[in-house]
Amino acid sequence: MTAFRHTQTCHFGLDEAPLAPGEVAIAGAGPGDPGLLTLRTLLLLQQADCLVFDRLVSAEILAMARPEARRYYVGKASRCHALTQEETNALLVRLAGEGKRVLRLKGGDPYIFGRGGEEAEYLIAHGIGFRVVPGITSASGCACYAGFPLTHRDHAQSVTFVTGHCKGDQDLALNWAALAVPHHTTVFYMGLANAGLIRRELQRHGMPAETPVALVERGTTPEQRHVLATLGDLVEVIERENFKPPTLIVVGEVVSLAETLAPAMTRLAREPDDLGDPQEIASTPAPGRVAL
């Protein structure tokens with residue numbers, strides 16, 4: 001646990017112009033753990049007049065923003081959108097047109113299944129200046145926190161990020177033959193609803209039923225849970241364990257390394273007895289920690 005205060009602004013000496021009035025910054029907030037936020041996005045949080053944020057941006061990250069910054073929730077879940085994408089685009093243009101410094105915060109990385117490219121195109125079409133700041137994508141963060149790498153010289157020489165959910169009611173038409181090869185890792189974002197199709201098509205194109213699979217729900221957050229399964233029992237495990245979005249499905253031999261690496265990893269979270277007084281933590285940074 002880290003206590004955050006708004007009495008001091010951090011200065012990291014990054015070579016970046018301040019966020020200008022009427023400008024939009026499209027930034028990745030990472031997969032959930034506030035410790036994975038980039039310094040560049042943190043600086044933007046301290047400058048923005050308005051935050052336009054998605055469902056997967058954590059409360060801890062939002063708490064790092066200026067207290068007076070206005071907050072606009074535009075989160076999306078399956079068939080449940082606070083605003084449509086078109087409405088979100090229009091909101092960004094309206095706020096920028098009012099001279100606000102706008103931070104568009106997205107979970108993970110804005111250019112990896114985050115619709116950041118669509119929003120950037122819309123801003124260009126309406127003459128709005130913008131910048132883009134990458135974030136740690138969910139695939140990388142969730143794999144690390146679940147205890148396995150995405151690539152490994154002995155197990156996976158390539159990795160593919162795939163959307164498991166298509167626009168509208170379109171079919172999930174993928175190059176299944178290219179995904180069902182050995183020594184390869186495939187990460188399916190938003191794939192729970194299509195788990196049966198994923199299993200069927202990968203097996204139909206030659207992937208063995210015994211291929212290791214990891215399911216990682218709410219990765220890098222305190223609510224993270226993950227289960228190791230096989231391709232053959234993927235659907236049954238999802239139903240039995242009642243996995244809910246956001247859950248990544250990771251398929252490949254490298255997943256099996258979690259059985260060796262995860263138990264040996266040093267724990268990230270401190271026990272309650274180690275935390276001390278929150279005010280003391282906030283006011284007396286340990287070496288290498290920046291007080292906010």
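All residue numbers refer to positions in the sequence shown, counting from 1. None of these values were measured; they are calculated from a predicted model.
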Inset, instruction - For T41 and T38, indicate whether the former's side chain and the latter's backbone hold a donor-acceptor pair under 3.5 Å. - result: no
Legend entry - salt bridge (charged side-chain N to carboxylate O under 4.0 Å, His left out) partner of E68, the single match among R71, R70, R66: R66
Legend entry - Closest approach of N194 to G164 (non-hydrogen atoms, all atoms of both residues): ND2-O, 2.8 Å
Inset, instruction - Please answer whether the main-chain N or O of E236 pairs with a side-chain N or O of D233 as donor and acceptor at a distance below 3.5 Å. - result: no
Inset, instruction - Examine F113 together with F161 and report whether their ring centres are nearer than 6.0 Å. - result: no
Legend entry - Any donor-acceptor pair under 3.5 Å from S158 side chain to H184 backbone: no
Legend entry - L123 with Y72, same ILVMFWY side-chain cluster at under 4.5 Å: yes
Legend entry - Candidate pair T185 and V250, rule side chain to side chain contact (heavy atoms under 4.5 Å, CB included), full reasoning: CA-CA 7 Å; T185 306; V250 187; 3.7 Å; yes
Inset, instruction - Could you tell me whether a side-chain N or O of H155 sits under 3.5 Å from a main-chain N or O of T151, the two making a donor and an acceptor? - result: no
Legend entry - Salt-bridge contact E98-R94 (side-chain N to carboxylate O under 4.0 Å): yes
Inset, instruction - Side-chain contact test, heavy atoms from C-beta onward, threshold under 4.5 Å: evaluate it for L105 versus L45 and give yes or no. - result: yes
Inset, instruction - Report yes or no: do F53 and I112 belong to one cluster of Ile/Leu/Val/Met/Phe/Trp/Tyr joined by side chain heavy-atom distances under 4.5 Å? - result: no
Legend entry - Check: R199 side chain, G232 main-chain N or O, donor-acceptor pair, under 3.5 Å: yes
Inset, instruction - Report yes if the side chains of L95 and L91 come closer than 4.5 Å at any heavy-atom pair, otherwise no. - result: yes
Inset, instruction - Kindly indicate, with the supporting measurements, whether the criterion side chain to side chain contact (heavy atoms under 4.5 Å, CB included) is fulfilled by L92 and V102. - result: CA-CA 7 Å; L92 295 175; V102 184; 4.0 Å; yes
Inset, instruction - Show the numbers, then the answer: is there a side chain to side chain contact (heavy atoms under 4.5 Å, CB included) between M207 and L231? - result: CA-CA 8 Å; M207 181 170 281; L231 184 60; 3.7 Å; yes
Legend entry - Single-linkage hydrophobic cluster V237~L202, side-chain heavy atoms < 4.5 angstrom: yes
Inset, instruction - Specify the closest pair of heavy atoms between E201 and W176, including all atoms of both residues, with the distance to one decimal. - result: CB-CD2, 3.4 Å
Inset, instruction - Specify the closest pair of heavy atoms between V213 and T230, including all atoms of both residues, with the distance to one decimal. - result: CG2-C, 3.7 Å
Legend entry - Shared hydrophobic cluster for L215 and V254 (ILVMFWY, side-chain gaps under 4.5 Å): no
Inset, instruction - Go through the side-chain N and O atoms of Y73 and D54 and say whether any donor and acceptor fall under 3.5 Å apart. - result: no
Legend entry - Donor-acceptor pair between Y189 and T137 side chains, under 3.5 angstrom: yes
Legend entry - Distance in Å, H152 NE2 paired with S256 OG, rounded so as to fall on 0.5 Å steps: 9.5 Å
Inset, instruction - Determine whether the side chains of H205 and Q203 contain a donor N or O and an acceptor N or O closer than 3.5 Å. - result: no
Legend entry - CG-CZ distance between L103 and R131, expressed to the nearest 0.5 angstrom: 10.0 Å
Legend entry - Side chain Q224, main chain T220, donor-acceptor under 3.5 Å: yes
Legend entry - Spatial distance of atom OG (S58) from atom CG (D33) [nearest 0.5 Å]: 8.0 Å
Inset, instruction - Flag this pair as yes if the NZ/CZ of R104 is under 6.0 angstrom from the six-membered ring centre of F130 and inside a 45 degree cone about the axis; otherwise no. - result: no
Inset, instruction - Using a 4.5 Å cut-off on heavy atoms from C-beta on, say whether the side chain of T247 contacts that of M190. - result: no
Legend entry - Where G219 and C142 come nearest, the two heavy atoms and their spacing: CA-SG, 3.5 Å
Legend entry - Heavy-atom check, side chain of V187 versus side chain of L150, under 4.5 Å: yes
Inset, instruction - Answer whether the closest heavy-atom distance between the side chains of E118 and Q85 falls below 4.5 Å. - result: yes
Inset, instruction - Please report the closest heavy-atom contact between P245 and L192, naming both atoms and the distance. - result: N-CD1, 3.6 Å
Inset, instruction - Examine distances only and state if a side-chain atom of D49 and a backbone atom of A69 form a donor-acceptor pair shorter than 3.5 Å. - result: no
Inset, instruction - Keeping the roles fixed (side chain from R200, backbone from I198), state whether a donor-acceptor pair exists under 3.5 Å. - result: no
Inset, instruction - Determine whether E119 and K106 make a side-chain contact, defined as any pair of heavy atoms from C-beta on separated by less than 4.5 Å. - result: yes
Inset, instruction - Measure from the side-chain N and O atoms of R225 to the backbone N and O of V216, and report whether any donor-acceptor pair falls under 3.5 Å. - result: no
Legend entry - Shared hydrophobic cluster, V227 / L234 (ILVMFWY, side-chain heavy atoms < 4.5 Å): yes
Inset, instruction - Give a yes or no answer on whether the side chain of E253 reaches the backbone of H183 with a donor-acceptor pair at less than 3.5 Å. - result: yes
Inset, instruction - Give the intermediate values and the outcome of side chain to side chain contact (heavy atoms under 4.5 Å, CB included) for residues I26 and V133. - result: CA-CA 6 Å; I26 303 172; V133 180; over 6 Å; no
Legend entry - T160 side, atom OG1; L179 side, atom CG - distance, nearest 0.5 Å: 5.5 Å
Legend entry - Between CZ on residue F243 and CZ on residue R218, distance to nearest 0.5 Å: 13.0 Å
Inset, instruction - Please examine the side chains of Y122 and T88, heavy atoms only from C-beta on, and report whether any two atoms are closer than 4.5 Å. - result: no
Legend entry - CG on L257 to CG on D154, rounded to 0.5 Å: 8.5 Å
Inset, instruction - With the side chain counted from C-beta on, respond yes when P149 and L261 share a heavy-atom pair under 4.5 Å apart, and no when they do not. - result: yes
Legend entry - Closest contact, heavy atoms only, P134 versus P110: CA-CD, 4.2 Å
Inset, instruction - Flag the pair K100 and E23 as a salt bridge only when some basic side-chain nitrogen lies within less than 4.0 angstrom of an acidic carboxylate oxygen. - result: no
